[in-house]
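Proteins get letters first, then strands, A, B, ... in listed order; numbering begins at 1 in each.
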Amino acid sequence: MQNVLEIVTWYKNNLRDLPWRSTNDPYKIWLSEIILQQTQVNQGLKYYYAFIEQYPDIQSLANADEQEVLKLWQGLGYYSRARNLLKTAKLVADKYHGIFPNSMEEILKLPGIGQYTASAILSFAYNLPYPALDGNVFRVISRLYNIRLPINEQKNRSVFLDILNEMIQGVDPAQFNNAMMELGAMVCKPDNPKCDICPVSTFCQAKELGCASQLPVKAAKAAKKKRYFNFFYIKYQDGFYLIKRNESDIWQNLFQLPMIETNTEVDISDVFTMLQEVVQLLWKELLVSGAHDLCYLNSKKHLLTHQEINARFFEINMKEKPTFKLENCIWVNADSKQNYPLPILIEKFLLSL
DNA sequence: AAGTCGGGGCC
DNA sequence: GGCCCAGACTT
């Protein structure tokens, strides 16, 4: 295909001199690919040098301990990459005699290596014709061929791979993959693509249609759900009740004020209904379950995740006829940036009394 | 299929 | 402030 030749030729004349491009040592290729997952080249470069210096080959890495590796990884983010790096080093050292496997089937079994990284290693280290489909390549292909299928939907992946498998025929696989990513990183950028210097602008359908900036398409993420946690501060004698959360949700196993969750903001007229449910919950805990999950504060820290939690507290005095007072209700809006631990939510409420 | 893991660069 | 980056993994 003509556009492939243009891209590869452009790459040969304009490539950045990056250390992992002047080797086909599978260890160095693999290391660079792990470091560069979701990481820009400029950010990953110094970590690559540090790792190569500290661990010049896979055996030396396999002998390292996890804390040492994590220390070297510090600041890069996505720390499971570092843990998987060590796991794979040990695996390759032990089960593959220190030689990186060279088949798709074997390489995909290694921790931290998915479809992209497997293809990258197989092409860069062993020159096998597997197209590497990363964020750059998704963008280049979607623009070149005006493909408006969302790139974050798994079912569309094969559309891109089919095209790439055609393109990679007859050219050097390593150069092809490098060229596509380099084009995406340096020219066909997310914002302000440099179409004026692009070697394939005359082949590009997005360029022709003037819609490059709108590609690639990503399916909208589902709207964040709001959850409404209606807490009841139920006084009894000198104390009040806490009840344990289950383990399949946020704040796993933490104790909290008895609570009814709703998916909309409750009307004050619903409070009595909720209160009846809460009292049933408490009685069930007290009488049926033997109060295993009742009644004291657990200080373990579990942080709020991405969901937006709206917490409302109702003060109930069980000595009298159950009542609530509006002036004793407070709202706590905890968003993902604030990361309120549950104990702090409860504390805020108790301090406000 | 959706959620999670991060720090940095860019608009 | 939102999106993106040489994605993989768990639920």
Side-chain angles (χ1 to χ4, degrees), chain A residues 11 15-16 18-21 28-48 70 73-85 87-88 107-125 130-143 150-157 160-161 164 173-186 188-194 213-225 227 246-250 252 302-308 335-337 339:
Chain A
Y11 172 71
L15 61 87
R16 288 172 289 178
L18 302 173
W20 47 86
R21 283 179 171 167
K28 293 179 178 172
I29 301 291
W30 162 67
L31 174 64
S32 72
E33 290 303 335
I34 301 301
I35 288 176
L36 293 172
Q37 284 167 5
Q38 294 294 285
T39 304
Q40 298 190 355
V41 166
N42 286 336
Q43 192 192 358
L45 208 45
K46 50 187 176 292
Y47 288 86
Y48 175 81
L70 284 169
W73 199 269
Q74 196 172 66
L76 246 198
Y78 284 139
Y79 294 91
S80 64
R81 289 185 293 172
R83 291 187 285 271
N84 284 334
L85 191 75
K87 281 186 201 167
T88 289
I107 210 170
L108 276 176
K109 293 178 186 170
L110 299 171
I113 298 182
Q115 293 193 39
Y116 162 76
T117 303
S119 300
I121 296 172
L122 291 174
S123 63
F124 295 145
Y130 291 97
L133 181 49
D134 73 340
N136 289 309
V137 178
F138 267 121
R139 188 169 55 253
V140 170
I141 295 297
S142 70
R143 287 176 177 170
I151 62 171
N152 55 341
E153 289 179 0
Q154 192 64 25
K155 63 184 179 190
N156 295 329
R157 190 179 174 85
F160 290 83
L161 280 177
L164 288 165
Q175 259 183 6
F176 174 76
N177 283 337
N178 267 323
M180 291 295 286
M181 291 192 281
E182 188 80 347
L183 186 66
M186 304 305 287
C188 197
K189 302 196 288 187
D191 304 316
N192 304 328
K194 299 181 176 176
S213 62
Q214 300 159 27
L215 291 171
V217 172
K218 281 194 163 183
K221 283 179 276 184
K224 277 185 186 173
K225 280 186 190 167
R227 306 175 65 178
N246 63 39
E247 60 185 359
S248 60
D249 197 1
I250 63 167
Q252 295 179 5
H302 278 274
L303 300 184
L304 258 183
T305 55
H306 65 290
Q307 283 160 314
E308 191 175 335
D335 67 28
S336 60
K337 300 291 180 191
N339 285 335

- To the nearest Å, give me how far apart CG (A:L45) and P (B:dG8) are. 16 Å
- Distance in angstrom units between A:N192 CG and C:dC3 C1', rounded: 13 Å
- Determine whether A:Q115 and A:R157 make a side-chain contact, defined as any pair of heavy atoms from C-beta on separated by less than 4.5 Å. yes
Between the protein and nucleotides 9-11 of chain C, which nitrogen or oxygen pairs are less than 3.5 angstrom apart?
residue : atom : partner : partner atom : Å
C:dC9   : OP1  : A:G112  : N            : 2.2

- Decide yes or no for A:F160 and A:I151: does some side-chain heavy atom of the first lie under 4.5 Å from some side-chain heavy atom of the second? yes
- Item | Nearest atoms (heavy-atom pairs only) where A:I29 meets A:A120 | CG2-O, 4.4 Å
- Message: Both A:G77 and A:Q154 contact DNA chain B. Which one's nearest nucleotide lies toward the 5' end?
- Response: A:Q154
- Task: Could you work out the separation of B:dG6 and C:dT11 based on their P atoms and round it to a whole Å?
- Result: 16 Å
- Indicate yes or no: at least one non-hydrogen side-chain atom of A:N178 is less than 4.5 angstrom from one of A:F124. yes
- Nearest-nucleotide comparison on DNA chain B, the residue closer to the 5′ end among A:L76 and A:E153: A:E153
- Roughly how many Å is it from NZ in A:K189 to P in B:dC10, rounded to a whole number? 8 Å
- Is the shortest heavy-atom distance from the side chain of A:Y48 to the side chain of A:L36 under 4.5 Å? no
- Message: For a quick check of understanding: with a heavy-atom distance under 4.0 Å over all strands, which category does A:Q115 fall into, base, sugar-phosphate or nothing?
- Response: sugar-phosphate
- Whole Å only: how far is the CE atom of A:M186 from the P atom of B:dC10? 11 Å
- Assess the side chains of A:Y116 and A:Q37: does a donor N or O sit below 3.5 Å from an acceptor N or O? no
- Taken to the nearest 0.5 Å, the spacing of A:N136 CG from A:M180 CE works out to 9.5 Å
- Would you check if A:I113 and A:E33 make a side-chain contact, meaning some heavy-atom pair closer than 4.5 Å? no
- Task: Pick the P atom in B:dC11 and in C:dA6, then give their distance to the nearest Å.
- Result: 15 Å
- Task: Using the P atom as the reference point in each nucleotide, state the distance between C:dC3 and B:dG3 in Å, no decimals.
- Result: 15 Å
- Task: For the residue pair A:V137 and A:D134, establish whether any side-chain heavy-atom pair is separated by less than 4.5 Å.
- Result: yes
- Send over the distance from A:W30 CH2 to C:dG7 C1', rounded to a whole Å. 16 Å
Give each protein N/O atom lying under 3.5 Å from an N/O atom of nucleotides 4-6 of chain C, with the pair distance.
residue : atom : partner : partner atom : Å
C:dC5   : OP1  : A:R139  : NH1          : 2.3
C:dA6   : OP2  : A:N136  : OD1          : 2.4
C:dA6   : OP2  : A:N136  : ND2          : 2.5
C:dA6   : O5'  : A:N136  : ND2          : 3.2
C:dA6   : O4'  : A:D134  : OD2          : 2.6
C:dA6   : N6   : A:W20   : NE1          : 2.7

- Query: Separation of A:I107 atom CD1 from C:dA8 atom C1', in whole Å?
  - Reply: 14 Å
- Query: Would you say A:N84 and A:Y78 make side-chain contact, with heavy atoms under 4.5 Å?
  - Reply: no
- Message: Is there a side-chain contact between A:T117 and the phosphate of C:dA8, meaning an N or O under 4.0 Å from OP1 or OP2?
- Response: yes
- Using whole Å, report how far CG of A:L215 lies from P of C:dC3. 17 Å
- To the nearest angstrom, the CD1-C1' distance between A:I35 and B:dG8 comes to 16 Å
